[in-house]
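The structure appears right after this line, and notes come after that.
Whatever order the structure lists them in is the order used to number ligands and atoms, beginning at 1.
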Amino acid sequence: MNIVIFGPPGAGKGTQSKFIVQKYNIHQLSTGDLLRNEIKNGTDLGNKISSIMNAGELVSDKIVSDLIEKFISNENYKNRIIFDGYPRTLTQAKNLDILLNKYKQKIDIVLKLNVSLETIKKRILERKSIEKRADDNEEIAIKRFNTYEQSSAPVLDYYRQSKLLKVINGENSISQINDEISGLIDGI
Ligand code: AMP
């Protein structure tokens, strides 16, 4: 089973992914975490992308797609991945299908967390004090939300058409969302 978790920054994708990872024994693939690691390790790629990420913009489709192929091609993760933060554009969504197909896999469900901008601002400021992410401040949070709004609609349409999309109220409590997600996954 491969899952995509989708939604604006601060929607709770990371929190819910961790719950799904534990309950269903699958692997979380967060492109944001992979990119932050590149920056932390001071790689050439990290140096190239840090200003883009800190401005709340998307890095190129090619960069993220190259990063995820390493996971999809790994037999240990075969049919056991939750994609957190990927795809974020229609090109990425199509590329994900091509890559999964290449390794004889597919997406089984797309979970979309719906959250208002007000809640996002609140959550990102709370997270800032815990995780100390460079892109977690109100101004960049709004920029990231706008970036999401601009690029997400075609991705959602794409998954709606393929009947994979399930929309979840991300304003509910963490445990309510856990329960709703479990019900959806168990029903696949
Ligand atoms: P996240 O941790 O998912 O909130 O991602 C943090 C930042 O990493 C985003 O604001 C983007 O700059 C970059 N990023 C993460 N995933 C992607 C992606 N799939 N495509 C482009 N940029 C991404």
Side-chain angles (χ1 to χ4, degrees), residues 2-21 27-72 81-100 107 110-117 119-159 164-165 168 170:
N2 290 313
I3 300 171
V4 169
I5 189 153
F6 194 82
K13 300 188 294 290
T15 306
Q16 293 302 328
S17 296
K18 289 189 176 66
F19 159 76
I20 297 168
V21 161
H27 186 82
Q28 179 188 10
L29 198 174
S30 156
T31 42
D33 283 350
L34 293 178
L35 295 168
R36 276 185 289 279
N37 259 338
E38 296 286 333
I39 296 176
K40 202 173 89 198
N41 296 334
T43 63
D44 287 347
L45 175 60
N47 295 334
K48 197 169 140 192
I49 59 179
S50 69
S51 58
I52 303 173
M53 282 179 70
N54 292 338
E57 286 160 14
L58 294 182
V59 308
S60 77
D61 291 331
K62 166 93 176 85
I63 289 175
V64 273
S65 299
D66 286 350
L67 283 176
I68 66 160
E69 182 160 7
K70 288 189 201 131
F71 283 80
I72 295 175
I81 301 178
I82 175 158
F83 296 91
D84 164 10
Y86 187 99
R88 267 172 152 98
T89 64
L90 183 59
T91 307
Q92 291 179 16
K94 290 184 176 168
N95 186 58
L96 181 57
D97 280 347
I98 293 168
L99 277 178
L100 286 172
I107 297 164
V110 177
L111 303 168
K112 195 233 168 181
L113 295 170
N114 261 358
V115 187
S116 71
L117 179 56
T119 304
I120 286 168
K121 283 197 238 167
K122 209 174 109 233
R123 288 192 189 163
I124 283 186
L125 293 183
E126 281 165 11
R127 184 169 72 185
K128 169 90 182 164
S129 60
I130 304 165
E131 293 182 18
K132 313 239 179 310
R133 269 176 58 167
D135 60 352
D136 274 351
N137 64 56
E138 184 161 344
E139 187 196 336
I140 306 296
I142 294 170
K143 177 75 184 64
R144 284 160 61 211
F145 183 78
N146 290 337
T147 303
Y148 167 82
E149 291 277 278
Q150 281 157 20
S151 58
S152 62
V155 181
L156 290 171
D157 282 347
Y158 185 73
Y159 288 129
L164 291 172
L165 187 68
I168 293 157

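- Every atom of ligand 1 is numbered from 1 in the order shown, and the set under 4.0 Å from a heavy atom of Q92 is 18 (C), 19 (N), 20 (N), 21 (C).
- Only the side chain of L35 comes within 4.0 Å of ligand 1, counting heavy atoms alone; its backbone N, CA, C and O stay farther away.
- Counting heavy atoms from C-beta on, the side chains of V110 and V155 never come closer than 4.5 Å.
- Less than 4.0 angstrom separates some heavy atom of E57 from each of these atoms of ligand 1: 11 (C), 12 (O).
- On a distance-only criterion, D135 and ligand 1 share no N/O pair closer than 3.5 Å.
- Checked for salt-bridge contact, D44 and K48 miss the test: no charged N lies under 4.0 Å from a carboxylate O.
- Near T31, meaning under 4.0 Å from any of its heavy atoms, are these atoms of ligand 1: 15 (C), 16 (N), 17 (C), 19 (N).
- For the pairing with F6, the ring-ring contact (aromatic ring centres under 6.0 Å, His included) check across Y159, Y158, Y148 returns one residue only, Y148.
- Of the protein's heavy atoms, V59 N, 3.2 Å lies nearest to atom 22 (N) of ligand 1.
- By heavy-atom distance, the residue among K13, R144, R88 lying nearest atom 9 (C) of ligand 1 is R88.
- Of the residues listed (K112, Q16, Q28), the one engaging I5 in a side-chain contact (heavy atoms from CB on, under 4.5 Å) is Q16, and it is the only one.
- Remark: side-chain polar atoms of N41 are not paired, donor with acceptor, to backbone N or O of T43 under 3.5 angstrom.
- Closest protein heavy atom to atom 7 (C) of ligand 1: M53 CE, 3.6 Å.
- In this structure, K94 does not pair ionically with D97, as no charged nitrogen and carboxylate oxygen lie closer than 4.0 Å.
- Remark: ligand 1 atoms within the under-4.0 Å shell around heavy atoms of L58 are 21 (C), 22 (N).
- Looking at R144, R123, R36 one by one, the single match for salt bridge (Lys or Arg N to Asp or Glu O under 4.0 Å) with D136 turns out to be R144.
- Annotation for A141 and I124: closest pair CB-CD1, 3.7 Å, computed over non-hydrogen atoms.
- If you look at R133 next to ligand 1, the close heavy atoms, those under 4.0 Å, all belong to the side chain.
- Residue-ligand proximity, R36 to ligand 1, at heavy-atom distances under 4.0 Å covers atoms 2 (O), 6 (C).
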